Amino acid sequence: MGLVENYVFCLFFAIVGSNMIYREYGKTGKKISAIGFGGMRFDNPNDLDKSAEMLVYALDNGINYFDTAPYYFKGKSEKVYGSALPELKKAGKDFYFSTKSMGKDIDTVRKDLDKSLERLNCDCVDFFHVWCVLSPEDYSSRKAAGVIDEFHKIKEEGLAKHICISTHMNGSEIRNVLTEDDYEGMTVGYSAINFPFREDGIRAAAEKNMGIVIMNPLGGGMIVGNPEEFSFIKMNEEQTIVDAAIHFLLSDESITTALVGFSRKEHIDQALNAVNSFKPYTSQQVASLKEKIQSDFQSLCTTCGYCKICPQDIPVWAFMESYNHALINSSNKPLERLAMHWGVNKDELDRCIECGQCEEACTQHLPILERFELLKKESWH
Ligand code: SF4
Ligand code: SF4
């Protein structure tokens with residue numbers, strides 16, 4: 001008997017092949033592996049063949065959901081997927097490609113889709129996302145421009161099988177959008193260290209029986225980069241920090257899959273090990289994690305996005321999320337994070353007029369302006 005079968009929780013799972021866990025993706029009838037392939041971390045995306053081997057290895061080991069996007073490595077990630085496609089088909093197993101468009105108008109969405117299909121080497125993508133919705137205003141303006149209707153038209157035309165949304169909004173904002181429009185699935189940043197602040201969005205999607213795909217399951221690298229500081233998410237000594245982050249997510253029955261960005265085959269093995277050793281967290285364990293995060297990590301930015309009201313268009317959340325890394329471990333370099341992860345230059349702070357609106361809006365009541373000053377310090381360059 002497989003490990004997972006030892007738990008009553010397995011009512012929600014079907015075990016296919018190795019010990020991979022599969023879950024229903026909402027109402028689509030598709031069964032998706034609980035670990036998904038994130039296409040944003042290839043070691044060398046210029047080497048199409050070598051990178052494509054990673055996808056084949058993943059499918060061989062039960063991973064059947066492959067997520068990518070046009071801007072991952074400037075289109076090269078999609079090319080890797082397209083290059084892997086013939087070999088993936090040979091395996092004779094079900095697998096699914098997911099991609100996205102953040103087009104703000106109909107023409108851009110169509111152009112994005114055409115380019116994606118060409119790079120992916122297919123006529124129809126399985127999951128097509130309204131990508132990177134940052135705020136209710138962002139969503140409203142795309143909707144007013146006809147973008148959301150266009151996505152549904154694309155499905156009617158048979159160019160995408162399922163229409164989904166990918167967002168960085170906070171829980172209540174997600175709930176509002178999902179009330180307004182119908183999607184078959186949602187991709188959202190969620191992890192053991194930010195869940196109290198996005199949980200309502202997950203619940204809203206679950207109430208609509210949508211597929212729920214988790215991006216940044218390792219807290220954008222924060223959990224793995226600071227294993228001591230986040231050791232409290234582990235429930236036993238055998239768990240690695242990666243196991244713990246994945247086990248926490250899989251314990252939520254409504255989560256379909258957690259996307260992990262793989263650079264090497266060992267990373268795939270690591271994620272598979274986490275599935276093999278999965279033992280669901282109890283509701284008491286989750287409740288105590290939540291309490292700890294809400295009390296001890298109050299000074300962390302949760303990337304909830306409420307500060308996206310800056311009259312100067314300064315990406316406050318990017319600065320504060322980068323600052324998190326220095327708070328957790330003083331040897332971390334927040335400005336490196338700012339540039340590498342968010343593509344933001346610290347000089348953007350020069351445009352700040354110190355109006356204080358971001359501090360007023362901040363759900364964590366963070367001293368944002370004080371942190372701006374610290375971020376300008378030479379020692380963090
Ligand atoms: S204080 Fe600066 S960063 Fe904050 S909202 Fe005002 S201009 Fe934007
Ligand atoms: S700075 Fe505050 S409001 Fe902005 S994303 Fe972080 S926690 Fe949310």
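These numbers come from the heavy atoms of this one structure, side chains and all, not from hydrogens, waters or symmetry mates. All ligand and atom numbering here is 1-based and tracks the order in the structure. Predicted, not measured: the structure shown is a model, and the values here were computed from it.
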Chemist: Please list, in chain and residue-number order, the protein N/O/S atoms closer than 2.8 Å to atom 2 (Fe) of ligand 1.
Modeler: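 For atom 2 (Fe) of ligand 1, the protein N, O and S atoms that sit under 2.8 Å away are Cys352 SG.
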Chemist: Can you confirm whether the side chains of Tyr139 and Asp181 place a donor and an acceptor under 3.5 Å from each other?
Modeler: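 Yes, because at least one side-chain N or O of Tyr139 sits under 3.5 Å from a partner of the opposite role on Asp181.
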Chemist: Just by distance, with hydrogens left out, do Ser254 and Arg203 show a side-chain donor and acceptor under 3.5 Å apart?
Modeler: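 Side chains of Ser254 and Arg203: pair found under 3.5 Å.
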Chemist: Just checking, any donor-acceptor pair under 3.5 angstrom between side chains of Tyr306 and Ser172?
Modeler: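 Indeed, the side chains of Tyr306 and Ser172 share at least one donor-acceptor pair under 3.5 Å.
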Chemist: Any side-chain donor paired with an acceptor under 3.5 Å for Glu238 and Ser277?
Modeler: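 There is no such pair between these side chains.
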Chemist: Would Asp269 and Tyr57 count as having a side-chain donor-acceptor pair, cut-off 3.5 Å?
Modeler: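 Looking only at side-chain atoms, Tyr57 and Asp269 do form a donor-acceptor pair, the distance falling under 3.5 Å.
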Chemist: What closest approach, in Å, do Ala244 and Lys234 show between heavy atoms, and which atom pair accounts for it?
Modeler: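 Heavy atoms only, the tightest pair is CB-CG, 3.6 Å.
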Chemist: Give every protein N, O or S atom lying under 2.8 Å from atom 8 (Fe) of ligand 2, naming each by residue and atom.
Modeler: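 Less than 2.8 Å away from atom 8 (Fe) of ligand 2 sit Cys304 SG.
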Chemist: Would you mind checking if Glu207 and Arg175 are paired as a salt bridge, meaning a charged N to carboxylate O distance below 4.0 Å?
Modeler: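 Looking at Arg175 and Glu207, the cut-off is met.
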Chemist: We want to know whether Asn176 and Thr179 form a side-chain donor-acceptor pair, criterion being a heavy-atom distance below 3.5 angstrom.
Modeler: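 No, Thr179 and Asn176 have no side-chain donor paired with an acceptor closer than 3.5 Å.
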Chemist: Between Ser191 and Asn216, is any side-chain donor less than 3.5 angstrom from a side-chain acceptor?
Modeler: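 Judged by distance alone, the side chains do not pair up.
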